[in-house]
Amino acid sequence: MAVKIKLKRLGKIRSPHYRIVVADSRTRRDGRAIEEIGLYHPVQNPSRIEVNSERAQYWLSVGAQPTEPVLAILKLTGDWQKHKGLPAPAPLLAPATKEDKRASFDAFAKAIEGDDAKGEAITPKAKKADKKADEAADAAASTESTEA
């Protein structure tokens, strides 16, 4: 019997969340599982990933094969590297807050202030009133030139 570590889909139509399960490879995607070893919620910001590392290591050591999405998750958590004896990955970064984003934007704005850029379009847009005035002046000039 081939054992796979795969994702079991739960949730509403446009609100999926998954459980990381160990199951027989012949079972359906959302069918019966041998054991649940984690959670994956991709819709949350940041994505919620929880893996029982001890159980994942056990199932990998006895020959369970992860599917491609689960392999990517195990690489993010570092369980795959631990199983293969590779160096651990960099820790997952926390999402940037609005204050951090604002500070980085302000720093960038100050950096480009020294340049000749004014932050405006190169050719200013003509307003409708200015456009009508220009057309009226052109029409008056053309009637004067035809009269003379």
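Worth knowing before you read on, the calculation uses all heavy atoms, side chains too, and leaves out hydrogens, waters and symmetry mates. The structure displayed is predicted, hence computed values, not measured ones.
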Approximate separation, where rounding is to 0.5 Å, of [X] [atom1] and [Y] [atom2]:
X	Y	atom1	atom2	value
Glu54	Asn52	CD	CG	6.5 Å
Lys8	Arg19	NZ	CZ	6.5 Å
Ile73	Tyr40	CD1	OH	5.5 Å

Partners of [X] by side-chain contact (heavy atoms from CB on, under 4.5 Å), sequence neighbours excluded?
X	answer
Lys12	Ser15
Pro69	Leu7, Thr67
Gln44	His41, Arg48
Ser53	Gln57, Asp79, Lys82

Under a 4.5 Å cut-off applied to non-hydrogen side-chain atoms, are [X] and [Y] in contact?
X	Y	value
Thr77	Ile49	yes
Val21	Ile5	no
Pro89	Gln81	yes

Do [X] and [Y] belong together in a cluster built from hydrophobic side chains that touch within less than 4.5 Å?
X	Y	result
Leu39	Leu74	no
Leu10	Val43	no
Leu71	Val3	yes

field: Heavy-atom pair of closest approach, residues Pro42 and Pro16
entry: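 Answer, listing the atom of Pro42 first, then Pro16: CD-O, 3.8 Å.
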- prompt: Nearest heavy-atom pair of Ala23 and Ala33: which atoms, and what distance?
  reply: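 Minimum heavy-atom separation between Ala23 and Ala33: CB-CA, 4.1 Å.
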query: Under the side-chain hydrogen bond (donor to acceptor under 3.5 Å, both in side chains) test, which residues partner Lys6, sequence neighbours left out?
result: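 Lys6 satisfies side-chain hydrogen bond (donor to acceptor under 3.5 Å, both in side chains) with Thr27 once adjacent residues are dropped.
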message: Restricting to side-chain hydrogen bond (donor to acceptor under 3.5 Å, both in side chains), what partner residues turn up for Trp59, sequence neighbours left out?
response: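 Per chain and number, Trp59 pairs via side-chain hydrogen bond (donor to acceptor under 3.5 Å, both in side chains) with Glu35.
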field: Asp30 with Arg28: basic N within carboxylate O range, under 4.0 Å
entry: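 Looking at Arg28 together with Asp30, the answer is no, because their closest N to O distance does not fall below 4.0 Å.
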Residue pairs fulfilling ring-ring contact (aromatic ring centres under 6.0 Å, His included) with at least one residue in residues 60-84, sequence neighbours excluded: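 Non-adjacent pairs meeting ring-ring contact (aromatic ring centres under 6.0 Å, His included): Trp80-His83.
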